[in-house]
Engineer: 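Quick one: the structure is below, and I'll ask about it shortly.
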Amino acid sequence: MSEDTQHKTPTIELRHVEKHFGDLHVLKDVSLQVEKGEVLVLIGPSGSGKSTLCRTINRLETIDSGEILIEGKPLPQEGKELAAMRAEIGMVFQQFNLFAHKTILENVTMGPVEVLHVDKKKAEQEAMELLRRVGVAEQASKVPAQLSGGQQQRVAIARSLAMHPKAMLFDEPTSALDPEMINEVLDVMVELAREGMTMVVVTHEMNFARRVADRVEFMADGQILEEGDPNEFFDHPKTERAREFLESIK
Ligand code: ADP
Ligand code: MG
């Protein structure tokens, strides 16, 4: 095997990332790699730095030291290159963050039209396909408030996919949803994972993690304390911190 095939470039790589908010040390020497097509689930107590970690990958937060590489390239600092990179990493948040005064269809076409300069008709065709894929095509001409939370979150996923991202970050995408809507969103994510999307998912949904995660990272107090196979982690956590945490979310 050549050097190249032995060491594939990860889609996302963090090397010794450090981050403070004032006196608060939020990310402590965080290193991780996400290979192309891999699904990584990030789990850990509230306040442990999971959202901050996701946000640094998209450079919605700066880091104090360390490196973040996307397909082997350092994150651009600012300007057009940063905007272009951001468009390549989709992000779905707990709150759906749809534009309230735009229709569902417009929410999905805006990015492709304005950022990727896709022809409007073509963007609309593709948006309708994506909305069908996530099961909300009938809602295309409504505004977000007319949809349920689960439907809005599926639109948010379609909106990210419309940008043809290299990877998707999901930060507790089902935490704000009523219980009966959680599965309709998870099902879309399971499908995406099956299709080979590279994903980082912050979630406490253990069944989801067992089904689709290739790897679980357990984070507490800004550090990655455990990393490994999901079943191994959930059935035999190695640290006391992880045992306590898993007990608390049962
Ligand atoms: P998690 O997503 O695991 O719950 P966060 O990344 O949101 O954790 O937060 C980690 C820590 O950083 C928390 O103590 C939180 O209060 C703090 N924090 C997050 N964002 C900011 C910010 N913009 N300014 C100051 N402190 C912050
Ligand atoms: Mg969070």
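Counting starts at 1 for both ligands and their atoms, in listed order.
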Engineer: Taking Gln151's backbone N and O only, do any of them form a donor-acceptor pair with Ser148's side chain (distance below 3.5 Å, no angle check)?
Structural biologist: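 Such a contact is found between Ser148 side chain and Gln151 backbone.
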Engineer: Nearest protein heavy atom to atom 16 (O) of ligand 1: under 4.0 Å?
Structural biologist: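 No, because not a single protein heavy atom sits under 4.0 Å from atom 16 (O) of ligand 1.
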Engineer: Say whether Pro45 and ligand 1 are in contact under the criterion: heavy-atom distance to a ligand atom below 4.0 Å.
Structural biologist: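 Heavy atoms of Pro45 do come under 4.0 Å of ligand 1.
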Engineer: Check the pair Ile43, Met219 against side-chain contact (heavy atoms from CB on, under 4.5 Å), reporting the backbone distance first and the verdict last.
Structural biologist: CA-CA 6 Å; Ile43 189 166; Met219 212 173 162; over 6 Å; no
Engineer: Looking only at protein heavy atoms, identify the closest one to atom 14 (O) of ligand 1 and say how far it is in Å.
Structural biologist: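 Ranking protein heavy atoms by distance from atom 14 (O) of ligand 1, first comes Leu24 CD2, 3.4 Å.
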Engineer: State the CD-CD distance between Gln152 and Gln146, to the nearest 0.5 angstrom.
Structural biologist: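 If I round to the nearest 0.5 Å, the distance is 10.0 Å.
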Engineer: Please identify which atoms of ligand 1 are closer than 4.0 Å to at least one heavy atom of Ser48.
Structural biologist: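 Near Ser48, meaning under 4.0 Å from one of its heavy atoms, ligand 1 has 1 (P), 3 (O), 8 (O).
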Engineer: Taking Arg133 first and then Glu195, would you say they form a salt bridge - that is, a charged N and a carboxylate O separated by under 4.0 Å?
Structural biologist: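 Salt bridge present between Arg133 and Glu195.
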Engineer: Can you tell me if Gly47 contacts ligand 1 (heavy atom of the residue under 4.0 Å from the ligand)?
Structural biologist: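 Right, Gly47 reaches ligand 1.
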Engineer: When you check the side-chain N and O atoms of Thr56 and Glu61, is any donor under 3.5 Å from an acceptor?
Structural biologist: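 No, no side-chain donor-acceptor pair sits under 3.5 Å.
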Engineer: Val39 and Ile157: same hydrophobic cluster, using ILVMFWY side-chain contacts below 4.5 Å?
Structural biologist: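 In one cluster with Val39: Ile157, yes.
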Engineer: Quick test: of every protein heavy atom, which one is nearest to atom 7 (O) of ligand 1, and how far off is it to 0.1 Å?
Structural biologist: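 Of the protein heavy atoms, Ser51 CB, 3.7 Å lies nearest.
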Engineer: Would you say Lys50 and ligand 1 have an N/O pair spaced under 3.5 Å apart?
Structural biologist: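 Looking only at distances, the answer is yes, because the N/O contact criterion of under 3.5 Å is met.
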Engineer: Side chains of residues 175-187: which donor-acceptor partners sit under 3.5 Å, not counting sequence neighbours?
Structural biologist:
{"unit_1": "Ser175", "atom_1": "OG", "unit_2": "Glu172", "atom_2": "OE1", "d": "2.7"}
{"unit_1": "Glu184", "atom_1": "OE2", "unit_2": "Arg154", "atom_2": "NH2", "d": "2.9"}

Engineer: Using a cut-off of 2.8 Å, how many protein N, O or S atoms lie below it in distance from the Mg ion (ligand 2)?
Structural biologist: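 With waters ignored, the protein N/O/S count below 2.8 Å is 1.
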Engineer: Taking atom types as modelled, find out whether Glu88 and His164 have a side-chain donor-acceptor pair closer than 3.5 angstrom.
Structural biologist: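 Judged by distance alone, the side chains do not pair up.
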Engineer: Whether the side chain of Gln153 engages the backbone of Pro173 through a donor-acceptor N/O pair (distance < 3.5 Å, no angle test) should be reported.
Structural biologist: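 Yes; judged by distance alone, with no hydrogens or angles, the pair exists.
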Engineer: I'd like to check which ligand 1 atoms, numbered from 1 as shown, lie under 4.0 Å from a non-hydrogen atom of Thr52.
Structural biologist: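 What qualifies from ligand 1 is 5 (P), 6 (O), 9 (O).
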Engineer: How close does the nearest protein non-hydrogen atom get to atom 21 (C) of ligand 1, and which residue and atom is it?
Structural biologist: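 Atom 21 (C) of ligand 1 sits closest to the protein heavy atom Phe21 CE1, 3.3 Å.
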Engineer: Could you tell me how the ring of His204 sits relative to the ring of Phe245: parallel (under 30°), tilted (30 to 60°) or perpendicular (over 60°)?
Structural biologist: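 His204 and Phe245: perpendicular rings.
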Engineer: Can you find an N or O of Val26 that's nearer than 3.5 Å to an N or O of ligand 1?
Structural biologist: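 No; the residue has no nitrogen or oxygen that sits under 3.5 Å from a nitrogen or oxygen of the ligand.
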Engineer: Using a 3.5 Å distance criterion without hydrogens, assess whether the side chain of Lys142 forms a donor-acceptor pair with backbone atoms of Leu147.
Structural biologist: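 Flag not set: sc Lys142 to bb Leu147 has no pair under 3.5 Å.
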Engineer: Closest non-hydrogen protein atom to atom 8 (O) of ligand 1, residue and atom name please, with distance?
Structural biologist: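 Going atom by atom, the protein heavy atom closest to atom 8 (O) of ligand 1 ends up being Gly49 N, 3.1 Å.
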